[in-house]
Number of protein chains: 2
Amino acid sequence: METDMLPTIRHSLTDNVKDELMRYIRRMDLSESTKLPSELTIAQNLGVSRITVCRVLGDLEQENVIFRIHGKGTFVNPEALQIKISLNPAQEFHQLIERSGHRPQVKMVRMEQDLICPGIAKKLALAPDAPLLRTEKVYYADEEPAILCFNYFSRAVFAEIPSWEEFENTSAFFLLRERAGRVMMRDRIEMEAKEISELLPLTDQVKHFNCKALLQFDTINYDQNNQPAMYGLCYYNTNFIRFNLLRNQNIY
Amino acid sequence: METDMLPTIRHSLTDNVKDELMRYIRRMDLSESTKLPSELTIAQNLGVSRITVCRVLGDLEQENVIFRIHGKGTFVNPEALQIKISLNPAQEFHQLIERSGHRPQVKMVRMEQDLICPGIAKKLALAPDAPLLRTEKVYYADEEPAILCFNYFSRAVFAEIPSWEEFENTSAFFLLRERAGRVMMRDRIEMEAKEISELLPLTDQVKHFNCKALLQFDTINYDQNNQPAMYGLCYYNTNFIRFNLLRNQNIY
DNA sequence: TCCGATTTGTACGTATGTATT
DNA sequence: AAATACATACGTACAAATCGG
């Protein structure tokens, strides 16, 4: 059976140009100059049309990797290259921990198969009394608890419910994709700050977190048909996981 | 004297098309269908070329307002329209409070003109012993404290330092623009969760916050030349200000 | 002050490819 | 298999901002 697990290789021209430009940017000596060659020069060097280069530069500008000044040129934004943990796009927890400079580990703490919870069922667009599947995992950074994560699914999404070991060793995104045919495309998160004691009713795992407050992400994950397929409640110890975000500002 | 305060009116074709499309989307009955007309139809209706429509749709897709399915059509993402407080782009605090359904108020709490703080001077790309200007403001939502905000500037950015009243009644962005010629274009934020007692050394204002933990944004604001012009330390009571964010997911 | 040269910004027309129905 | 609809790419043209002479 072929699973086609890897992200499909993109070979559109813009993607190639984007990769090539990013390689160029990373090799630049930014302390000397942050100016990129002109669009025309880039286009000629890469053997593509200017409009293609222009689109790529537009994308990179929206990602704040570069900024353009009309009539002057295109410049690298050095800030963007320093960021290790970006809020956007979503990243795997293991990656988050690794990129913040620690060794990641997971422990599955609990698993429930017949939870009834109308509030969460509603977020998943299910009937209020639909049975839910819930997992609780703790992610460690160098033995220290760094992320606490609850995932909720409709019990019916999986024809056969994955085992404890599968949940522990595999990301929920992968399981949803491979075992339920649901590919997560987007998520919507809502952010809150919580003090440890506020979370004790939820789980006693928080007692092991070496901090006083946690960053809470209330997340709904949507699949390829824009249907909610997973609800997540994630708590980050911001001493380990410190999200960064570059924003454009339109304030006057 | 003409201040030219208002955001310059955009009248590029893509902006018009975007506004027109957004109006169309907001008037749609999404419970019936979320499908938009085809690119060609939109182009013909608006009297523009298909490529222009395509670019606008691409922008809206990146903002998660719509999503497109190859060969099938373009669809509205109803989630995006429900979001009141988005993390992206940056918004004025008054707006944040208003959009979360409360009446906003500000109080200037403190102002210091000759602060020496090497750590913050470094973030502002200043000499370690450069004198800093600091303001402390509290924003209220219906009389309840909702946001605590410290702003740091180089004392030298303002030829004449704005008065207490000006700082209280005007946004720092406006003052920087009008009194220092620095237009804020981007910011970089780093997020942490803090328990109230951790913040007491900073200010006793936190005692009045009716919550146990605050969401901290550590923010550097960059001007039109990509130079840091303001450093901000902002604390949000997430019972009032609840940021939402739509993300694309590339997890496998 | 003005005038070109350079560079980005915007828009159109056209063509081809690919997925869905 | 055909029609429809999105995806990508090229060439061209002109506008607007910046900079140096």
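Here is the naming used below: chain letters follow the sequence lines, and residue numbers restart at 1 for every chain.
With DNA chain D read from its 5' end, the first of the two nearest nucleotides for B/Glu61 and A/Gly47 is the one closest to B/Glu61.
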So if I define the base as every atom that isn't primed, P, OP1 or OP2, how would nucleotides 2-7 of chain C read as a B/S/- string at a heavy-atom cutoff under 4.0 Å?
-----B
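A/Tyr152 and A/Tyr231 have tilted rings, their planes meeting at an angle from 30° to 60° on a 0 to 90° scale.
Listed by chain and number, the residues in a salt bridge (charged side-chain N to carboxylate O under 4.0 Å, His left out) with A/Glu98 amount to none (sequence neighbours excluded). Residues forming a salt bridge (charged side-chain N to carboxylate O under 4.0 Å, His left out) with B/Arg50 (at least two apart in sequence, or on another chain): B/Glu39. In terms of the side-chain contact (heavy atoms from CB on, under 4.5 Å) criterion, residue partners of A/Pro37 (sequence neighbours excluded) are, by chain and number, A/Tyr24, A/Thr41, A/Ile42. With sequence neighbours excluded, the residues satisfying salt bridge (charged side-chain N to carboxylate O under 4.0 Å, His left out) with B/Arg247 are A/Asp187. Every residue two or more places apart in sequence or in another chain was checked for a salt bridge (charged side-chain N to carboxylate O under 4.0 Å, His left out) with A/Glu168, and none qualifies.
Between B/Asp15 atom CG and C/dA11 atom C1' there is a gap of 13 Å when expressed in whole angstrom units. A straight line from CD of B/Gln44 to C1' of D/dT4 spans 13 Å, rounded to a whole angstrom. Between the P atom of D/dA7 and the CD atom of B/Gln62 lies a distance of 13 Å, rounded to the nearest Å. The CD1-C1' distance, from A/Ile66 to C/dG9, rounds to 13 Å in whole Å. Summarising the geometry, the separation between CG on A/Leu40 and C1' on C/dG9 is reported as 14 Å, rounded to the nearest angstrom. Per the geometry, CG belonging to B/Leu13 stands 17 Å off P belonging to D/dC14, to the nearest Å.
Shown here, D/dT12 forms a base pair with C/dA11; the pair counts as Watson-Crick or G-U wobble because both key distances fall under 3.5 Å.
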Name each donor-acceptor pair under 3.5 Å that joins a side chain in residues 78-86 of chain A to protein atoms two or more places apart or in another chain, with its distance.
from    : atom 1 : to       : atom 2 : distance (Å)
A/Glu79 : OE1    : B/Arg188 : NH1    : 3.3
A/Glu79 : OE1    : B/Tyr222 : OH     : 2.9
A/Glu79 : OE2    : B/Tyr222 : OH     : 3.2
A/Ser86 : OG     : A/Asn88  : N      : 3.2
A/Ser86 : OG     : A/Asn88  : O      : 2.8

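Two residues are said to be in side-chain contact when any heavy atoms from C-beta on lie closer than 4.5 Å; B/Asn151 and B/Cys149 meet this criterion.
Among residues at least two apart or in separate chains, there is no ring-ring contact (aromatic ring centres under 6.0 Å, His included) pair with a member in residues 39-63 of chain A.
If you check residues 48-60 of chain B against DNA chain C, the residues with a heavy atom closer than 4.0 Å are B/Val48, B/Ser49, B/Ile51, B/Thr52, B/Arg55, listed by number.
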